[in-house]
Amino acid sequence: MARNEAKERRCILKFEDVSLQFDQADPVLDKVSFEIWSGETRIILGAAGSGKTVMMKIALGLLKASSGRVSVMGQDVTNFDERQWYEVRSHIGVLFQEGGLFDSLTIEENVAYPLLNQARFMTDGKKPTLDTVRPDVQEALNFVELGNTLNKFPSELSGGMRRRVGIARGSVADPDLFLYDSPTAGLDPITANTIIALLIKDREMRNTTAAIITHRFQDGHLLANFRYNPEKDRLERLPANSPLRERTKFMVMKEGRLVFEGPEAELDASVDPYISKFSMHPAQNPERKVS
Amino acid sequence: MLDWLKSPILTFQEFVTLAGRASLNVFRRPFYGQDLFLQMDTIGVGSLPITVLIGFFSGVIMALQMSRALSQYGATGQVGQITAITLVREMGPVLTALLIAGRNASGIASELGSMKVSEQIDAMRALGTDPVKKLVTPRLLAMCVTLPLLTIIADFVGIVGGYIVAVPLLRLTTGSQYWNNAWRSLEYNDIAQGLIKPLLFAFIIALVGCLYGMRTSGGTQGVGRATTQAVVVASVWIFVITALITRIFVNL
């Protein structure tokens with residue numbers, strides 16, 4: 001938590017009227033504006049094709065916005081070229097939908113990849129070796145409880161384990177911002193909850209700023225209402241008036257537009273039929289069972 | 001007509017951009033030495049047996065074909081000269097390049113193509129590393145170093161193959177005459193074009209393989225398509241380039 005105090009509150013990711021349009025088609029992203037501040041957890045909800053992943057790719061510079069401005073860690077990156085982006089990206093951790101692991105590398109090499117290949121870890125143009133980064137790799141893998149899989153290949157692991165390796169790889173370089181693209185998609189509820197518990201643990205231990213794309217409202221609920229207790233090594237529910245609840249905010253995307261932004265209580269209170277589909281209150285939207 | 005021309009011109013533009021970026025990266029930090037040696041091992045050492053085999057048999061065939069033609073003129077003593085010149089100038093570079101195009105342009109295209117369709121290239125970019133630097137530059141460099149070396153080996157083994165046919169088998173000439181002829185007939189002009197060709201072929205094979213791999217789309221079928229295209233395009237360019245270079249050297 002020492003790092004927590006040392007870091008002042010700063011704007012980590014900022015979108016200003018960001019739009020993306022391919023040719024003459026309907027915009028994939030339509031004037032989206034939001035800010036994510038350090039220490040915050042942002043849950044991004046929305047139906048498939050509503051522009052969540054596109055938004056993440058813009059934040060990473062993998063796609064270029066057609067209009068609007070993007071700032072990452074106080075730096076205006078709107079007109080950055082690919083080479084300038086590498087430096088920015090090395091401060092962002094990512095978990096891709098399917099984990100995005102390199103299938104010809106072992107788990108150890110996968111997790112070590114950012115440390116071995118990013119320019120900022122090189123001294124005098126020399127790369128660190130696998131041996132020198134091994135303690136960091138081991139620690140990151142222990143964190144996701146996969147400390148004994150170092151020499152396995154991604155194909156030997158289950159879907160949930162691959163995603164956990166993805167989390168280890170994303171966090172090994174100590175990023176200022178962690179983007180998770182659908183960390184629980186296609187997983188059974190038990191594995192999905194394990195992954196979310198890891199995100200909560202990660203947030204507590206490293207005070208990571210995170211944006212989490214998901215379509216499971218349970219994920220957001222867990223992140224908003226629980227914290228990790230390192231003494232007891234388990235999750236515990238936050239008291240109703242805890243200020244920590246404030247750090248988790250929700251965003252709902254619909255057809256490329258941002259239609260909701262706010263804390264969980266507001267999300268639950270919304271009577272909009274689309275938005276309430278993503279909230280925890282079944283009483284308010286009985287039609288959810290069929291959709 | 002314009003639409004028909006658009007796609008090849010765009011592809012050529014992409015090729016030039018990739019060539020520029022990959023070549024500039026040779027001088028830019030960070031350097032990925034380990035990837036370079038790995039590629040040199042796959043391309044160079046991995047292709048050695050098949051190169052030796054093909055080189056040997058092209059020499060054998062050359063000497064066999066020439067044995068009849070030369071005996072008509074009573075000039076069987078020239079077999080060493082003819083084998084050496086054809087191999088060093090043309091057959092060695094082109095056959096080796098075609099072989100490597102089939103073996104490695106396809107390998108590179110399918111490897112990079114699979115990485116592209118499984119979003120590993122995007123993951124690489126997202127993790128703050130340049131895929132051109134990490135994937136394309138080591139392959140380009142490795143190819144430029146190994147293909148000329150492989151060609152030299154193929155040339156030599158081919159001349160040895162010609163010797164085996166010409167001297168112990170058909171007794172067209174004596175051993176010392178064969179080697180003397182082969183050695184003396186080669187001029188700087190021959191050696192120069194025999195070494196410039198593989199260097200340019202290496203450039204084409206590596207970059208075409210990488211380009212078609214990196215722009216793969218459409219799942220596993222797309223990977224297959226990219227691989228086929230890479231081999232076809234690389235092979236065609238090998239012939240075009242060799243014709244151009246030969247045209248230049250013929251006048252020198």
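By convention in this document, chain letters (A, B, ...) are assigned in the order of the sequence lines, proteins followed by strands, and residues within each chain are numbered from 1. All values derive from a computational prediction rather than experimental measurement.
Using a 4.5 Å cut-off between heavy atoms, Lys134(B) contacts chain A through its side chain alone, with no backbone atom that close. For a residue to count as touching a neighbouring chain, one of its non-hydrogen atoms must lie under 4.5 Å from one of that chain's; by this rule Glu119(B) touches chain A with the side chain only. For Gln97(A), no part sits under 4.5 Å from any heavy atom of chain B, backbone or side chain. Looking at Leu101(A), the atoms closer than 4.5 Å to chain B (heavy atoms on both sides) all sit in the backbone: N, CA, C or O. Of the two parts of Met124(B), the backbone and the side chain both hold a non-hydrogen atom closer than 4.5 Å to a non-hydrogen atom of chain A. Contacts between Leu60(A) and chain B at a heavy-atom distance below 4.5 Å involve the side chain alone, from C-beta outward.
Counting heavy-atom pairs under 4.5 Å between each of Glu82(A), His91(A), Lys57(A), Glu87(A) and chain B puts Glu82(A) at the top.
Arg83(A) contributes atom CZ, which lies 10.0 Å from atom CZ of Arg21(B) (distance to the nearest 0.5 angstrom). Atom OG of residue Ser118(B) and atom CZ of residue Phe102(A) lie 9.5 Å apart, to the nearest 0.5 angstrom.
The environment of CH2 in Trp237(B) is sparse: at most 12 heavy-atom neighbours from other residues, nucleotides or ligands sit within 6.0 Å. Atom CD of Gln221(B) has 12 or fewer heavy atoms from other residues, nucleotides or ligands within 6.0 Å. Heavy atoms of other residues, nucleotides or ligands lying less than 6.0 angstrom from CZ of Phe15(B) number more than 12. In Gln34(B), the CD atom is not crowded: 12 or fewer heavy atoms of neighbouring residues, nucleotides or ligands sit closer than 6.0 Å.
Closest heavy-atom contact between Arg125(B) and Arg89(A): O-CD, 2.9 Å. Of all non-hydrogen atoms in Ala123(B) and Arg169(A), the two that sit nearest each other are CB-NH2, 4.1 Å. The two residues Ala126(B) and Val94(A) come nearest to each other via the heavy atoms CB-CG2, 3.8 Å.
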Derivation of the side-chain contact (heavy atoms from CB on, under 4.5 Å) call for Thr129(B) and Tyr86(A): CA-CA 6 Å; Thr129(B) 49; Tyr86(A) 291 124; 5.7 Å; no
Evaluation steps, side-chain contact (heavy atoms from CB on, under 4.5 Å), between Asp103(A) and Gln120(B): CA-CA 9 Å; Asp103(A) 48 20; Gln120(B) 291 177 52; 3.1 Å; yes
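Under the 3.5 Å distance criterion, the side-chain polar atoms of Gln118(A) are matched with a main-chain donor or acceptor of Leu127(B). Remark: the backbone N or O of Asn117(A) is paired with a side-chain donor or acceptor of Tyr32(B) at under 3.5 angstrom.
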